[in-house]
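Atom set for the values below is all heavy atoms of this structure, side chains included, hydrogens, waters and symmetry mates excluded. The shown structure was predicted, so the numbers you read here are calculated from the model rather than taken from an experiment.
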Amino acid sequence: MNSENATTTYSAYWKKAMSYAMYRSTVSDLLARGLTTGTHQSPEMLDYARLNDHRMDRVEKRFQMLPALQEKLDQLSEPLHWLVLSEGWCGDAAQNLPALEKIAEHSHGKIHLRVLLRDENTELMNQWLTNGGRSIPKLIQLNAAFEVTGSWGPRPAEAQAMVMAARAAGETHHSYAERLHKWYAHNSSADLQGEILELLKG
């Protein structure tokens with residue numbers, strides 16, 4: 001794919017992506033019907049989605065901007081587009097996507113965030129795999145011309161190291177999930193903000 005085609009493709013993805021508010025509404029509407037986003041529907045996935053809906057509420061209420069990141073946002077000279085791949089059942093998305101939206105809000109219009117559902121956009125997701133997997137959330141940073149200038153995800157580095165170590169030890173998701181979400185609660189999006197600061201610097 002040449003640069004012009006890539007730019008056109010990302011522009012097309014952007015046009016069909018949802019605002020964060022629309023994403024929350026979509027997740028809530030599906031939950032009211034006993035469903036979640038994505039191609040795999042099961043009682044377990046529905047339970048995850050319900051729990052993660054509450055997690056998103058909590059992150060939104062407790063988010064506090066780090067001064068260093070706010071300073072960098074104030075210094076941005078050109079607009080950015082953040083295209084985020086997510087799903088309602090994903091715990092990491094629930095912990096990080098609301099914080100990314102809050103960061104965008106604190107940019108005072110310099111950063112625009114929209115969301116795509118992973119399972120409806122596998123051709124894009126497959127370009128942004130993590131260790132060969134479709135891990136989310138995945139943030140793709142685009143400039144005003146819809147050219148890729150960076151990416152982030154699926155989780156802060158310390159959390160990623162925790163997950164990779166647990167998997168290497170043969171732990172199941174159920175066995176390490178509680179530990180992971182305790183880390184998120186204690187960290188309060190601080191590591192995420194620090195990594196986004198580095199993304200913006202880069």
Side-chain angles (χ1 to χ4, degrees), residues 17-65 82-105 113-122 125 128-131 133-139 152-196:
M18 299 177 279
S19 68
Y20 176 76
M22 187 178 296
Y23 173 78
R24 290 297 317 261
S25 178
T26 297
V27 171
S28 295
D29 289 348
L30 285 170
L31 285 174
R33 294 159 48 201
L35 299 169
T36 183
T37 65
T39 56
H40 180 52
Q41 301 289 329
S42 69
E44 183 179 45
M45 295 297 277
L46 184 58
D47 287 342
Y48 285 145
R50 289 191 178 112
L51 177 58
N52 289 325
D53 199 47
H54 293 301
R55 283 174 174 150
M56 286 190 283
D57 288 339
R58 185 165 59 247
V59 174
E60 289 176 11
K61 292 175 182 176
R62 296 182 179 180
F63 181 85
Q64 293 186 335
M65 175 66 70
W82 280 358
L83 190 60
V84 185
L85 289 154
S86 184
E87 292 285 352
W89 46 259
C90 178
D92 290 292
Q95 297 284 9
N96 292 296
L97 180 55
L100 292 172
E101 170 66 11
K102 287 293 184 181
I103 294 169
E105 289 176 3
L113 182 148
R114 289 189 184 179
V115 185
L116 287 171
L117 295 178
R118 183 195 74 171
D119 292 354
E120 295 179 4
N121 296 277
T122 54
M125 183 72 253
W128 295 96
L129 303 179
T130 302
N131 299 320
R134 294 174 175 172
S135 300
I136 50 177
K138 188 67 181 184
L139 181 158
W152 179 90
R155 55 182 70 88
E158 185 174 338
Q160 177 70 356
M162 181 192 309
V163 170
M164 296 307 294
R167 290 176 178 172
E171 289 189 56
T172 65
H173 175 266
H174 289 290
S175 68
Y176 66 75
E178 182 177 356
R179 189 162 73 250
L180 174 63
H181 288 287
K182 283 183 178 179
W183 180 90
Y184 274 121
H186 177 75
N187 189 256
S188 299
S189 303
D191 280 25
L192 167 64
Q193 291 190 60
E195 292 177 15
I196 293 300

Inset, instruction - Have a look at R58 and tell me which of R55, K61, E60 forms a side chain to side chain contact (heavy atoms under 4.5 Å, CB included) with it. - result: R55
Inset, instruction - State whether the side chain of R118 and the backbone N or O of R134 hold a donor-acceptor pair below 3.5 Å, judged by distance alone. - result: yes
Inset, instruction - Looking only at non-hydrogen atoms, find the nearest pair between P156 and N96 and report the distance. - result: CD-OD1, 3.8 Å
Inset, instruction - Compare every heavy atom of S189 with every heavy atom of V59, then report the nearest pair and how far apart it is. - result: CG1-OG, 4.3 Å
Inset, instruction - Output, in order, the C-alpha distance, side-chain angles, deciding distance and verdict of side-chain contact (heavy atoms from CB on, under 4.5 Å) for L46 and Q41. - result: CA-CA 7 Å; L46 184 58; Q41 301 289 329; 5.9 Å; no
Legend entry - Separation of N131 CG from M164 CE (nearest 0.5 Å): 4.0 Å
Legend entry - For R114 against A17, the heavy-atom pair lying closest together: CB-CB, 3.6 Å
Legend entry - NE2 on H186 to OG on S188, rounded to 0.5 Å: 8.0 Å
Legend entry - Spacing of M45 atom CE and C90 atom SG [to the nearest 0.5 Å]: 9.0 Å
Legend entry - Atom pair CG (N121) and CG (L116), whose distance is rounded to the nearest 0.5 Å: 4.5 Å
Inset, instruction - Grab the two heavy atoms, one from W89 and one from Y48, that are nearest each other, plus how far apart they are. - result: O-CB, 3.6 Å
Inset, instruction - Measure the shortest side-chain to side-chain distance between P154 and D92 over non-hydrogen atoms and say whether it is less than 4.5 angstrom. - result: no
Legend entry - N187 (side chain) donor-acceptor with A190 (main chain) under 3.5 angstrom: yes
Inset, instruction - Please lay out, stage by stage, how L97 and Y23 fare under the test side-chain contact (heavy atoms from CB on, under 4.5 Å). - result: CA-CA 10 Å; L97 180 55; Y23 173 78; 3.4 Å; yes
Inset, instruction - For Q193 and Q64, indicate whether the former's side chain and the latter's backbone hold a donor-acceptor pair under 3.5 Å. - result: yes
Inset, instruction - Return each pair, listed once, that meets salt bridge (charged side-chain N to carboxylate O under 4.0 Å, His left out) where at least one residue sits in residues 166-175; pairs must be two or more places apart or across chains. - result: E171-R179
Inset, instruction - Return the set of residues passing salt bridge (charged side-chain N to carboxylate O under 4.0 Å, His left out) with D57 (not counting sequence neighbours), or none when no residue passes. - result: R24
Legend entry - D53 bridged to R50 by N-O distance under 4.0 Å: no
Inset, instruction - Taking all heavy atoms of L180 and all of A159, pick out the closest pair and write down the distance. - result: CD1-CB, 3.8 Å
Inset, instruction - Using the side-chain contact (heavy atoms from CB on, under 4.5 Å) rule, take M56 and E101 through it: C-alpha gap first, then chi angles, then the decisive distance, then the call. - result: CA-CA 11 Å; M56 286 190 283; E101 170 66 11; over 6 Å; no
All N/O donor-acceptor pairs, side-chain side in residues 29-40, below 3.5 Å, sequence neighbours left out:
unit_1: T37; atom_1: OG1; unit_2: E87; atom_2: OE1; d: 2.5
unit_1: T37; atom_1: OG1; unit_2: G88; atom_2: N; d: 2.8
unit_1: T39; atom_1: OG1; unit_2: D119; atom_2: OD2; d: 3.4

Inset, instruction - Anything under 30° is parallel, anything over 60° is perpendicular, the rest tilted; go ahead and classify H181 against Y184. - result: tilted
Inset, instruction - May I ask you to decide if M22's main-chain N or O and S19's side chain share a donor-acceptor pair within less than 3.5 Å? - result: yes
Inset, instruction - Determine the minimum heavy-atom distance between L192 and A99, stating which atoms define it. - result: CD2-CB, 3.4 Å
Legend entry - Between Y20 and E105, a side-chain donor and acceptor under 3.5 Å: no
